[in-house]
Amino acid sequence: MQRARLLSILKNKGLSNFQIKVLTIAAAIPKGETRTYKWVAKLSGRPKACRAVGNALNKNPFPVIIPCHRVIRSNGAIGGYKLGTKKKIRALRSDGALLK
DNA sequence: AAGTAAGAAATTT
DNA sequence: AAATTTCTTACTT
């Protein structure tokens with residue numbers, strides 16, 4: 001379980017509490033599934049902080065370890081991605097989260 | 001004080 | 001009813 005180690009590192013990085021929580025939750029999203037920013041925000045204890053969630057994911061220190069590409073908008077839109085939304089779509093397709 | 005990877009509501013078509 | 005636009009929310013720097 002790298003989750004515990006991940007948490008330690010995040011804490012060590014001096015990231016904000018909210019950011020740590022968001023990243024942890026994002027890392028727990030199962031493969032092939034997508035979550036909304038709202039969903040993550042709710043799990044973070046700040047249901048109305050949907051934007052802050054995106055903000056936190058943007059500063060994601062481990063873009064490979066944390067599947068932030070599985071977090072999309074609530075209305076079905078892809079949202080944004082640090083490396084470009086195009087890549088995000090590709091990643092989702094690889095995960096099988098996109099029907100087609 | 002300003003910016004953002006969003007959401008929901010309001011307005012228009 | 002569906003699509004688009006606008007305003008508001010909460011967090012980080």
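If you're wondering where the values come from, they're calculated on a predicted model, not measured in any experiment. Letters go in sequence order (proteins before strands), and every chain restarts at 1.
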Any side-chain N or O of [X] less than 4.0 Å from the OP1 or OP2 oxygen of [N]?
X       : N      : value
A:Asn58 : B:dA5  : yes
A:Arg51 : C:dT9  : no
A:Lys38 : B:dA8  : yes
A:Ser74 : B:dA8  : yes
A:Ser16 : C:dT12 : yes

A:Lys31/A:Glu33 ion pair, N-O < 4.0 Å: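 No salt bridge links A:Lys31 with A:Glu33.
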
Minimum-distance nucleotide (side-chain atoms of A:Phe18 versus B:dA6, B:dA5, C:dT12):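 Selected nucleotide (nearest to the side chain): C:dT12.
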
Rounded interatomic separation in angstrom, taking [atom1] from [X] and [atom2] from [N]:
X       : N      : atom1 : atom2 : value
A:Asn75 : B:dA8  : CG    : C1'   : 10 Å
A:Leu43 : B:dA6  : CG    : P     : 18 Å
A:Trp39 : B:dG7  : CH2   : C1'   : 17 Å
A:Lys42 : B:dA6  : NZ    : C1'   : 16 Å
A:Gln19 : B:dT4  : CD    : C1'   : 13 Å
A:Arg73 : B:dA8  : CZ    : P     : 10 Å
A:Leu57 : C:dT12 : CG    : P     : 12 Å
A:Leu92 : B:dA5  : CG    : C1'   : 13 Å

Pair assignment for C:dT9, Watson-Crick or G-U wobble, requiring both distances under 3.5 Å: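 The answer is none; no pair meets the criterion.
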
Counterpart base for B:dA5, defined by Watson-Crick or G-U wobble contacts under 3.5 Å: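 Paired with no nucleotide.
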
Pair A:Lys21-A:Asn17, side-chain donor/acceptor within less than 3.5 Å: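 No, because no side-chain N or O of A:Lys21 sits under 3.5 Å from a partner of the opposite role on A:Asn17.
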
Under 3.5 Å donor-acceptor pair, A:Tyr37 side-chain atoms to B:dA5 base atoms: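 Side chain to base: pair present.
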
A:Lys82 side chain to A:Asn60 backbone, donor-acceptor under 3.5 Å: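 No: the side chain of A:Lys82 does not pair with the backbone of A:Asn60.
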
pair A:Arg35-A:Ser74: side-chain heavy atoms closer than 4.5 Å: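 No, their side chains stay 4.5 Å or more apart.
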
Any A:Tyr81 side-chain heavy atom under 4.5 Å of A:Ile89 side chain: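 In short, these two side chains do not touch, never coming nearer than 4.5 Å.
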
Sugar-phosphate only, base, or nothing, as touched by A:Arg46 at under 4.0 Å among non-hydrogen atoms: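 Sugar-phosphate contact only.
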
Residue met sooner reading DNA chain B from 5', once A:Cys50 and A:Asn55 are mapped to nucleotides: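 Looking at DNA chain B, the more 5' nearest nucleotide goes with A:Asn55.
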
DNA chain C: 5'-proximal contact among A:Leu15 and A:Lys48 (nearest heavy atom):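 Going by which nucleotide is closer to the 5' end, it is A:Lys48.
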
